[in-house]
Structures are given as C-alpha cells and as structure tokens.
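Down below is the structure, laid out as structure tokens.
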Amino acid sequence: MPEMVDLMHKILAPLNRVQKNAVASEAKHLCVLAGAGSGKTRVIVHRIAWFLASGKASSANILAVTFTNKAANEMRERIAQLISLPTSNFWVGTFHGIAHRILRRHHVTLGLPDNFQIIDSDDQLRLIKRTIREIGIDEEACEPKKAQGFINKQKDEGRRPQDALPSAMPEIAMYNEVYRTYTNTCKRSGLVDFAEILLSAYELLRDHEDVRLAYQHQFSHILVDEFQDTNTIQYRWLQMLLGQNNAITIVGDDDQSIYGWRGAKVENIHRFSQEHPGTETVRLEQNYRSTQTILNAANHLIANNEARLGKELWTEHKKGEPITLYGAFNEMDEAKFIVERAKKWRDSGGSLSDVAILYRSNAQSRVLEQILRQSQLPYKIYGGLRFFDRAEIKDVLGYLRLLANMSDDPAFERVVNMPPRGVGERTVANLREVAKQQNISLWEAAKQTLPTMNAGRIRNGLQQFVSCIEEVSAEANTVALPKLVERLLQSSGLADHIKSQPGERTHIRVENVMEFIQAVGQYQKSFDAEQDKPAENSIKSLPAFLSEVALDAGEKESERGDQSCIKLMTLHSAKGLEFPLVFMAGLEDGLFPHHRNAEKQALLEEERRLCYVGMTRAMQKLYMTYAEKRAFAGLSGSNRPSRFINELPKNLIETVNLNVNISQPAMRSGMPSAKKKSNSVIEGLPYTLGQRVRHARFGEGVVVCGEGAGEAARLQIKFERVGPKWLALAYAKLEAV
DNA sequence: AACCATCGACTTTTT
DNA sequence: GTCGATGGTT
C-alpha cells in the first residue's frame, strides 16, 4: 500500500497545477486542450499511469490511440519508464495499427481471407488506374488521382459505393462506378487499403453487437492523442468503443489542426464536449519550449482565426531575441542568408543539429540544398521518400507479397517483369483477360496459360518467373525470412539486375537492399522472441511482417545518422518537433498561404494554423524569410510578403538586410509596398536592388546585392548573358537602364 | 518489348 | 527545373 501512495506521488509530483488537474481528473470524460510545447504527451502518459496506480483500471482495460507509430512507441516507452510494469499487454498504437489488429482477429466475420494484405497509396493508385482501364472509361475524363481522392474520401466519411450521395454531376457517378469495381477487385485479391482498415473496423463494431460489447467491456478507459486530426470514421469508431459506460480522454489542439485536406475534422474536437455530457475541459497553456517573444507573436497570429476554442500560451522563460524578418531579393539570396545565419550560430558555439529550416512545399528545398552544399554544411532532408517506398524495396516487397498471397494481382503485375524478362504489357493484358473470364488470379492464369503459349522469349520469361516463385515458395517452409529474401533476390535475378543498372544510384540501391535484409532479420528475431521459439519457416512470419511494413512510415530512418546536421523539412512534417533555431522560408503570398488556399476562409485558417505550428517549433530564435522574386514553376515573378507577416506584432520583429550589411529599423507600416522600397535601397550606394543596369562587356543585368562603401563598394549584378558577377563600383562602368 | 524524347504539370502526406 | 507519363521508334 505505501508503494501505491509512492507511485501516485511520483506520478503527480513532476506536473504543474493544470497538468495535475488533468491527470487526476475525476470527470467521466476529459478534454485536454494542449497548446504547443505544453507537455501533452506527458499528461496522457501520466493519466494512464494514474488510472493504473489508483486502481481505476488494469493495463488490459486501457486503449491509447495515436496517429503515428513514433508517438505510439514514445508513449509506450514512457509509460514503462514511469511505472515499472511490462507494457506488452497494453493496447497502445495508431488508429490503423489497432484497427488492423482487430481486423486480423475477426477476419472470418468480415469475410476477409486470413492472409489479407495492406496496400499503400501507391499500390492503390496503380490498382485504380487498372480498374479505370478495365471498365473502359476514357482516362482523360477520369483522372486516376481524382478517383483515388474520391474513393478515400468516401471511405473516410463511411460511405460504401451503394451509399453514394445523389449528385447531379455525371463524373460523380463515374467515380462511384470506379469505387464499386475497385472494391470488388480488392475483395477478390484479399487487399485492404488504409481507409478500408478504418472503415471495416468501424463496420465490424457497428454491425456485430457481440463483438462491439466485447470490446466495450474490455476498454473501460480510452485515450486519444492529437484528437484534432481525427476524421469522421475515426470519430465514429471511437464512439462504438465508447458505448454508454466507458470513459474517454482526448488530447489535442485545434490551433494545430493542419490535416483538414486529408479528411481530418477540427469540428470533432470543437463539438466533443457538447456531444459528451460529463466532459471536463482543461487548457494546458504553459509552454516549456519557446521564448515569450515567439509565443506572443504566435498568439497574436492565431488570434486572427475565428473558428477556435481559444487558448493563449505563456511561459516562464525569458523574453528572448526578437523574430528576425528578412526580405530577400530572390530565392538564392534567401538561401544564402539562412546559411549565413546558420553558420553564425555554429561559430558562436551552437550545434547544427539544433537548426531547422522549414518550408511550405518540398520544391523549396532544392535551392536550400544547393547553397548548403556549396557552403559545405551538413544537412538532412526529412520526409522525402520513405525507406519502404524506394523502388527497389517495393520490388522485393512485391515478390514477398506474392509469396504470402498468390491472389495479390497488383503484386504480380509489379514483379512479373521485374527484372525485365520479356513479359510485357501485351502478355499481362492477355493474362488479365483469362483471369477475368474464369474469375481467377493472375498467378493462376499465368500457370494455366503457360502450356498453351507459343515457345519463345515470352513463354521462357514467364516460365522463369513462375518457376522462381514456386521454387522460393517451397523454400518458405524450411527457411527463415532473411534467408528467403536472399534466395528470392538471387533466383529472380533482381539482385543482378539492381547491381547491373547503370548510374550513380546503383550503389545506394544495393545498400538499401542490404539494409532491407537486415531489417527483415531484425523483424524475424523479434517475431521469434514473441513466439518463444525460433521459426524454421517464413510462412507464419511473412504476412505479419508485410503488414508491419505497410503500416510503418519508416520513421526509423530519420533517427540515425543525423548528428550535427541541419534539418530541412516541410512545415507539416515539423509538427510535434522542436528546435532551438528555426528558419521559416518562403513566406510569400501565393506560396504561403498557398494560392489555392487563400480564398476560402476555412482553408486560409488552416494555412494560418500551419504558420502557427511552424513558429511554435522554435525554442530560442526564429527567423522568417521571403523572396521578392522567386523562380518557381507556375508561380514565377515577384511576390508580396506573406499576409501572415503583417499579422505579427511589429514590436517583436526586427527587419534585416544582410547583403548590404545594414539592419533596418522595424517596418514602419505593415504595407508591403512601403517596405519593398525602403528595403531595396543599398545604403551609401547610388543603386537599388533589382535595378537594371548595363555593362559595356557583359550587357544588361539586375543588381542583386551590394556591399562596402566608397572605394571598396562592390555590387553583384546578375547579367542576362553571363550570369551573376561581382563588380567593383570604382572600376566597372555601369549605366542605369 | 524496350528505349528514348518530348510534353506538361506542379501543396501539404501521420497510415 | 524536375519528375512522370506518354508516344514514337528501334
């Protein structure tokens, strides 16, 4: 008993007053509005521990749901750390992970094969393309990407093809037809996409009372992280688990809802307390991350949003440095400025791993990379292609999927001619025809068709493929996964193919495959440990491995090898992270807020939240930059500074123009036009940035930047014919144009 | 069937 | 300025 009291003390002691109220709340339901950097995860972890320590629930009664594997793992680890209990019987996981686990358990009830597999959005798109072709709709009229968006949206909203909303638009009917056919194909092939996981899990609970009651009985205490990001079906799914008696704790921040475009409904958190009588709402507003200056600016910005529950961050930290605003001449100049300041940070004792450069769209990283490389600063781009999405890895996975489930037609199509063995589009089309007529899989069709084919290159190739699969498949009974993968790579010729590809990427691809084999080995190990004995075959572990891979975003990759690297990522992928020094680049109207989201209020508010998220990543110092001219496909030409800049309190901002070595006083007026003028004057020189000049030898150009004064004054001119050149003003004969 | 050249599109992406 | 898809050529 004294241990219990000790434990309860240990749980509450490190918390502030509001956090304590949340953790120990006796209310039936709890809504924690957790501002950025306010100790959100800590509250959720401690509340779980509190339930356990106070005897309200045992670990098996708790369901904790997150959106990312990373968050789920972190939660699990921190619970284990706080209370010394094994966490293996906790239900902690992502929406998809938990729903998937339930699907596996009840696959019979759902009419799913026991070896059903998960397809990612890439596979989904391929399958949809094929479906469109199969139906025979004109691809011009039915863009696969749009069809994919439609289907996922339907599923996110809980609508099956037969539930289609009446619509006057003929294309809706067309998309729905694709949806219907696609659904059938998935069923036949034993495939489940991401949205399907959630929808099926919801329908299972909705339609089967016994199942529903069993889970309701089990999960007396439900906790949900990042609740502002839940979509319709996730909300309903939670509703099913909640029933009348269970208690739920939701944690989230409506000001950080930035995934509305993916179906997330901020309204879910807005209306939660109304729909759940007995809800206590707690606001975590003390921030442990940023300076008061940064928080004030962020508070001021987000106050412009109308639809919000309302929250104001504060901190006990110092005021800190002002936010530095830099209006660059162009994107090069912007990148140079950022790199310059990052260097300064390092030279004055900071670490480059503390530095993050955030941007609205991925394309912006290119210039930054270029300048970083030139400056020889180490950097790492986050959120690019995920490890398991690399082409060579997906090829190997395609083979494995086929081994796990011979009816997996998309997998068949991916690998039947990989490496090229003469089985082209024509041959596959024939197989598809056979498969369709007899309602069998492509694999079966291939085996059946083979003896009737004309001898030749095509038949040889297909025969090779079939033999390879059968051979390796037989071995799956006797060898473990890593060995199986190696055999597969050899037997299929994929290993040789990758090695023999010309180009500089070969080396990396080979390395990736090696790493994949290693990952497979690790997986087999942990699988064996769970089963309590080493498996002498891959049959059992393979489907589970594939599911794990499909539901793994590949976050592990970002963990390694990032010592003292500057981090580059989009604002979206920065959510949940923090950095001592943050640069937000490309704050231009059109880019950020993105022009497609600038008109409608709701969309603009989401852009503003994105800006808020970006700003609140910064711990010590925040830079915001924009380029007056940006060469950017589609959005070329000159841009105004982002309207968000004007929404920041002027007294928290210092405006700087690095290249001319002058610090400008804070903007006098918020008007971009006024600012533009004052900013482009080069102090002490008779030229302005962006001015056109003519040189006797180099021709016409534009003043890009300048430095020095008097005799030492130099200007950088970007010439149309010969590119940028630095010229000493004293010698170069320039004339204004 | 495989390769190459040309055209055009282009936000964000937890699973 | 780059990636991907498409169409024509070998």
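Sequence lines set the chain letters: A, B, ... in the order given, protein chains first and strands last, and positions in each chain run from 1.
- Taking every side-chain heavy atom of A:Arg426 into account, B:dA1 is the closest of B:dT14, B:dA1, B:dT11.
- The one candidate from A:Gln228, A:Arg308, A:His270 that meets the side-chain hydrogen bond (donor to acceptor under 3.5 Å, both in side chains) condition with A:Asp254 is A:His270.
- Atom OH in A:Tyr612 sits about 20 Å away from atom C1' in B:dT12, given to the nearest Å.
- Between A:Glu425 atom CD and C:dA5 atom P there is a gap of 13 Å when expressed in whole angstrom units.
- As a whole-Å value, the separation of A:Glu226 CD from B:dT13 P is 16 Å.
- Counting heavy atoms from C-beta on, the side chains of A:Phe592 and A:Asn639 never come closer than 4.5 Å.
- For A:Ile458, whose side chain is taken as the heavy atoms from C-beta onward, the closest listed nucleotide among B:dT14, B:dA1, B:dT12 is B:dA1.
- The nucleotide whose nearest atom lies closest to any side-chain atom of A:Asn362 is, among B:dT13, B:dA1, B:dT11, B:dT13.
- The shortest distance between the side-chain N/O atoms of A:Ser573 and the OP1/OP2 oxygens of B:dT13 is below 4.0 Å.
- Residue A:Met332 qualifies as open at atom CE: its count of foreign heavy atoms under 6.0 Å is 12 or below.
- A salt bridge does not link A:Arg236 to A:Glu203: none of the charged side-chain nitrogens sits closer than 4.0 Å to a carboxylate oxygen.
- Comparing C:dT6 with B:dT11, their C1' atoms are spaced 25 Å from each other, to the whole Å.
- In this structure, the nucleotide among B:dT13, C:dA5, B:dA1 sitting nearest to the side chain of A:Lys129 is C:dA5.
- Rounded to whole Å, atom C1' of B:dT13 lies 14 Å from atom CG of A:Leu125.
- Near DNA chain B, meaning a heavy atom under 4.0 Å from it, residues 249-269 of chain A has A:Tyr259, A:Trp261, A:Arg262 in order of number.
- Look at CE on A:Met584: it is 14 Å from C1' on B:dT12, rounded to the nearest Å.
- Note on A:Lys600 versus A:Glu606: no salt bridge recorded, every NZ/NE/NH1/NH2 to OD/OE distance being 4.0 Å or above.
- Contact check on A:Arg414 versus A:Glu392 returns no salt bridge, with no Lys/Arg side-chain nitrogen under 4.0 Å from an Asp/Glu carboxylate oxygen.
- Looking at residues two or more places apart in sequence or on another chain, you find a salt bridge (charged side-chain N to carboxylate O under 4.0 Å, His left out) between A:Asp225 and A:Lys40.
- Nearer to the 5' terminus of DNA chain B, by closest-nucleotide assignment, is the contact made by A:Arg596 (compared with the other of A:Arg596 and A:Ser121).
- Rounded to a whole Å, the NZ atom of A:Lys575 is 17 Å from the P atom of B:dT12.
- OP1 or OP2 of B:dA2 sits under 4.0 Å from a side-chain N or O of A:Asn417.
- Using a 4.0 Å cut-off, some side-chain N or O of A:Thr427 falls inside it from OP1 or OP2 of B:dA1.
- Between A:His594 and B:dT11, a base-stacking contact is recorded: ring centres under 5.5 Å apart, planes less than 30° from parallel.
- Going from atom CD of A:Glu606 over to atom C1' of B:dT12 covers 9 Å, rounded to whole Å.
- Contact between the side-chain N/O atoms of A:Thr570 and the OP1/OP2 oxygens of B:dT13 is found at a separation under 4.0 Å.
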Side chains of residues 454-466 of chain A: which donor-acceptor partners sit under 3.5 Å, not counting sequence neighbours?
residue  : atom : partner  : partner atom : Å
A:Arg459 : NH1  : A:Met453 : O            : 3.0
A:Gln463 : NE2  : A:Ser467 : OG           : 3.1

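- Here the C1' atom of nucleotide B:dT11 and the NZ atom of A:Lys600 are 16 Å apart, to the nearest Å.
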